[in-house]
Amino acid sequence: MTNQTGYLWKDKKHHLWFPISFTTYYIEEDRLMIKQGFLNTTLDETLLYRIVDLTFHQTLAGKIFGTGDIILKTKVDSTPEIALKNIKKPMEVRRLLSQAIEESRRSYNVVGKEFYSTSSHEHMDLDEDGTCDFDHTPM
């Protein structure tokens with residue numbers, strides 16, 4: 001599923017249809033990476049299984065030039081929303097991301113209950129198999 005460079009997917013932020021940008025997006029193993037900058041570089045990394053929602057957005061210009069945005073909602077405190085701006089073939093990338101996210105969740109044995117936060121009246125216990133269940137009894 002990975003290409004010759006070792007990335008599942010890689011693209012740059014486009015202006016019209018030109019990939020002239022210092023922002024690069026790529027999927028490496030089970031991580032979404034966003035590299036930004038020329039002289040000073042920042043690399044943001046998000047584990048795929050932490051992505052909980054995908055939104056696709058495409059303007060008229062995007063339809064003409066074959067680019068669009070994918071907005072990702074995550075269960076990460078530092079960056080709860082990630083935008084992949086002006087990427088080429090956005091519908092194909094959305095499908096690829098969705099499949100990669102599901103595969104990452106399967107490989108980490110992540111199910112929906114890992115995304116719930118515990119409040120002061122909930123108690124979390126580990127089962128014999130190492131998974132957690134929520135006990136809603138007061139502490």
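By convention here, the first residue in the shown sequence is residue 1.
Applying the ring-ring contact (aromatic ring centres under 6.0 Å, His included) test to Y108 and every residue at least two apart in sequence or in another chain returns Y49. Legend: residues meeting salt bridge (charged side-chain N to carboxylate O under 4.0 Å, His left out) with D11, ordered by chain and number and at least two apart, are absent.
When hydrophobic clusters are built by joining Ile, Leu, Val, Met, Phe, Trp and Tyr residues whose side-chain heavy atoms come closer than 4.5 Å, directly or via intermediates, I34 is not grouped with F38. Cluster membership check: V76 does not share its hydrophobic cluster with L54, using side-chain heavy-atom separations under 4.5 Å among Ile, Leu, Val, Met, Phe, Trp and Tyr.
Judged by distance alone, with hydrogens and angles left aside, the side-chain atoms of K12 form a donor-acceptor pair with the main-chain N or O of S21 at under 3.5 Å.
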What's the verdict on salt bridge (Lys or Arg N to Asp or Glu O under 4.0 Å) for R95 and E92, showing C-alpha distance, side-chain angles and the deciding distance?
-> CA-CA 5 Å; R95 274 189 231 103; E92 290 177 30; 5.7 Å; no

So L97 and L84, side-chain contact (heavy atoms from CB on, under 4.5 Å) or not? Walk me through it.
-> CA-CA 11 Å; L97 264 170; L84 306 178; 3.9 Å; yes

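Scanning all heavy atoms of the two residues, the minimum distance from P90 to G68 falls at CG-N, 3.6 Å. Of all heavy-atom pairs spanning K85 and K13, the tightest one is O-CG, 3.4 Å. The minimum heavy-atom distance between L96 and L8, with the atom names listed, is CD2-O, 3.9 Å. Scanning all heavy atoms of the two residues, the minimum distance from K35 to L43 falls at CB-CD1, 3.8 Å. In terms of heavy atoms, T24 sits closest to K10 at CG2-CE, 3.7 Å. Contact record, T67 with N86: CB-C, 4.1 Å, taken as the closest heavy-atom pair.
Atom CD1 of I51 sits about 12.0 Å away from atom NZ of K73, to the nearest 0.5 Å. Here OG1 of T74 is found 8.0 Å from CZ of R50. Values are rounded to the nearest 0.5 Å. Note that the CZ atom of R31 and the CG atom of D44 stand 13.5 Å from one another [nearest 0.5 Å]. Here the CD1-CD1 distance, from I70 to I82, works out to 12.0 Å after rounding to the nearest 0.5 Å. Atoms CD and CD, from E28 and E45 in turn, are 7.5 Å apart once rounded to the nearest 0.5 Å. With values rounded to the nearest 0.5 angstrom, Y7 atom OH is found 12.0 Å from I27 atom CD1.
For K89, the NZ atom is loosely surrounded, since the number of other residues' heavy atoms within 6.0 Å does not exceed 12.
A 4.5 Å side-chain heavy-atom check between I87 and W9 finds at least one atom pair inside the cut-off.
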